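Because the structure is predicted, anything quoted here is derived from the model rather than measured. Heavy atoms only: backbone and side chains are in, while hydrogens, waters and symmetry mates are out.
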Amino acid sequence: MAERSDRRRFLGTAAAGALASGAAMGLEERILLAAVQDGKAAPPATPADPASMPCGQVGNVRVSRLMIGGNLIGGWAHSRDLMYVSRLFKAYNTDEKVFETLALAEQHGINTIQNDPACMELVYRYNKERGGKMQSLVCIHPDPDKDKVRNEIADLINRGATLLYTHGEMTDRLTMAGRVDVLAQCMELIREAGVPAGIGSHSLETPKACEKENVGAQFYVKTFHTDQYWSATPEDKRQEWCWYLPRSGEAGTYFDNMWCINPTETAEFFKSVNKPWFAFKVLAAGALHPRVAFPYVLRNGADFVIVGMFDFQIAENVAMFKETFDKLGNRERPWLA
């Protein structure tokens with residue numbers, strides 16, 4: 001306890017000194033400083049009017065156009081070569097902190113979280129114990145075994161899944177193997193269960209193949225972000241399916257630093273797709289500021305934007321998203337939800 005107290009005192013003194021010397025501190029630094037000084041998280045900002053959040057309709061589900069991503073909760077952090085980040089995220093996002101984060105998201109009009117089956121229990125408990133109404137867009141594992149998939153679908157719906165889509169990596173690998181028939185079977189089973197059915201992917205080749213073969217997807221969950229950030233893979237080093245290929249270790253090759261290797265082509269392709277598009281990894285795992293990312297993905301056709309957020313980022317992100325949406329005007333791809 002004495003060591004922790006000394007560390008807090010040191011950090012608080014250092015931060016206060018920075019303020020006294022005129023150094024600027026951003027919103028996140030101020031919140032973290034408050035947590036250090038008080039030993040607890042800062043109180044949430046005054047909630048915006050939830051009704052002012054833009055929404056779209058997918059099947060019979062009304063979804064906020066800005067959604068919260070689940071990777072920061074589950075600890076599946078893309079962090080380039082920083083190996084401690086996932087553990088850090090999980091240490092911060094205790095069950096109670098997750099409940100606070102979900103409540104804050106709802107207070108600001110976010111009504112849906114993108115979720116992994118492993119994190120479903122937390123959202124289910126939040127809704128049951130705290131009276132929440134958070135919906136879940138949940139990935140499932142496509143498999144040739146129909147009974148296996150059918151059982152997973154039933155289990156996830158019983159635990160509160162609102163929309164289901166196929167896990168991105170597994171879907172891409174099936175596309176690589178030429179097994180889009182497995183994806184078509186999965187779409188049929190989800191629709192039979194009475195919830196909207198979607199296809200997830202990192203690679204653009206997956207939605208291309210699914211549209212060509214008419215697998216029956218009702219929406220797509222596809223990575224999308226600009227490549228204008230310093231750690232983006234150089235164009236001459238980008239390789240299809242790079243997320244699943246052995247890494248050479250050569251400087252400049254892919255190192256967990258890019259999730260949409262062809263953003264211009266992706267935007268152009270979705271102009272021809274008459275189905276809702278959920279864009280995720282829009283901040284390139286923190287490499288892009290929301291003021292850059294939000295206008296880019298909305299102007300280029302995304303219907304919904306999924307963003308991993310800590311509790312202290314929600315109010316600011318919602319404000320920036322609404323401002324972007326209100327100033328967007330016309331865009332070339334019509335809203336598909």
Side-chain angles (χ1 to χ4, degrees), residues 1 3-5 7-12 15 25-48 50 53 64 66-79 82-139 156 159-162 280-283 285-286 289-290 305-321:
M1 290 296 293
E3 180 184 351
R4 187 183 306 170
S5 178
R7 186 165 61 247
R8 281 194 184 133
R9 190 178 300 112
F10 170 76
L11 290 171
M25 293 184 71
L27 174 65
E28 294 174 13
E29 287 85 352
R30 291 197 299 273
I31 293 173
L32 289 171
L33 172 60
V36 167
Q37 291 176 330
D38 300 339
K40 60 184 180 180
T46 303
M53 171 63 72
S64 55
L66 178 64
M67 298 167 51
I68 188 168
N71 272 8
L72 304 190
I73 294 172
W76 299 285
H78 290 289
S79 50
L82 301 177
M83 293 182 287
Y84 62 87
V85 172
S86 287
R87 286 186 64 192
L88 175 62
F89 287 2
K90 292 185 75 173
Y92 181 80
N93 275 318
T94 62
D95 288 6
E96 184 60 35
K97 177 56 68 178
V98 171
F99 292 164
E100 292 174 10
T101 302
L102 295 175
L104 190 59
E106 285 201 276
Q107 290 166 18
H108 283 83
I110 297 173
N111 71 359
T112 307
I113 181 172
Q114 178 200 33
N115 217 349
D116 185 275
C119 296
M120 282 292 295
E121 184 64 23
L122 273 177
V123 180
Y124 176 80
R125 282 181 52 208
Y126 163 74
N127 286 337
K128 184 177 180 179
E129 297 173 15
R130 305 299 171 90
K133 298 180 180 178
M134 184 64 70
Q135 302 175 139
S136 289
L137 167 68
V138 186
C139 63
L156 292 175
R159 289 194 282 153
T162 319
F280 73 112
K281 293 286 188 292
V282 300
L283 305 183
H289 194 281
V305 179
I306 301 169
V307 181
M309 291 180 263
F310 290 107
D311 56 335
F312 54 81
Q313 296 172 311
I314 289 174
E316 187 178 25
N317 282 353
V318 168
M320 287 186 286
F321 183 84

On a heavy-atom basis, which atom in [X] and which in [Y] lie closest, and how many Å separate them?
{"X": "Met320", "Y": "Pro290", "value": "CE-CB, 3.6 Å"}
{"X": "Ser64", "Y": "Ile110", "value": "OG-CA, 3.6 Å"}
{"X": "Leu156", "Y": "Pro117", "value": "CD2-CB, 3.9 Å"}
{"X": "Gly132", "Y": "Asn127", "value": "C-OD1, 3.0 Å"}

Return the set of residues passing side-chain contact (heavy atoms from CB on, under 4.5 Å) with [X] (not counting sequence neighbours), or none when no residue passes.
{"X": "Leu88", "answer": "Tyr84"}
{"X": "Ala118", "answer": "Trp76, Asp116"}
{"X": "Arg87", "answer": "none"}
{"X": "Ile113", "answer": "Ile68, Ile73, Leu102, Asn115, Val123, Met134, Ser136"}

So, Asp311 side chain and Leu104 main chain: donor-acceptor pair closer than 3.5 Å or not?
no
Using a 3.5 Å distance criterion without hydrogens, assess whether the side chain of Asn93 forms a donor-acceptor pair with backbone atoms of Val98.
no
Flag yes if more than 12 heavy atoms outside Phe99 fall under 6.0 Å of its CZ atom; otherwise flag no.
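For Phe99, atom CZ is crowded (more than 12 foreign heavy atoms under 6.0 Å).
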Check Val305, Val307, Thr112 against Met67 for a side chain to side chain contact (heavy atoms under 4.5 Å, CB included) and give me the one that passes.
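Of the listed residues Val305, Val307, Thr112, the side chain to side chain contact (heavy atoms under 4.5 Å, CB included) partner of Met67 is Thr112.
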Where do Leu66 and His108 land on the side chain to side chain contact (heavy atoms under 4.5 Å, CB included) test, with the steps shown first?
CA-CA 10 Å; Leu66 178 64; His108 283 83; over 6 Å; no
Among pairs that include at least one residue of residues 124-139, which meet salt bridge (charged side-chain N to carboxylate O under 4.0 Å, His left out), considering only residues two or more places apart or in two chains?
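Found Asp95-Arg125, Glu96-Arg130, Arg125-Glu129.
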Relative to the ring of Tyr92, is the ring of Phe310 parallel (under 30°), tilted (30 to 60°) or perpendicular (over 60°)?
perpendicular
Enter the distance from Glu100:CD to Gln107:CD here, rounded to the nearest 0.5 Å.
10.5 Å
Rounded distance [0.5 Å steps], CG in Asn317 versus CG in Leu283:
7.0 Å
List the steps and the verdict of side chain to side chain contact (heavy atoms under 4.5 Å, CB included) for Asn71 and Lys281.
CA-CA 10 Å; Asn71 272 8; Lys281 293 286 188 292; 3.3 Å; yes
Using salt bridge (Lys or Arg N to Asp or Glu O under 4.0 Å) as the criterion, list what pairs up with Arg159, not counting sequence neighbours.
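Checked Arg159 against salt bridge (Lys or Arg N to Asp or Glu O under 4.0 Å); matches are Asp155.
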Chi angles and distances behind the side chain to side chain contact (heavy atoms under 4.5 Å, CB included) call for Ile306, Leu137:
CA-CA 10 Å; Ile306 301 169; Leu137 167 68; 4.0 Å; yes
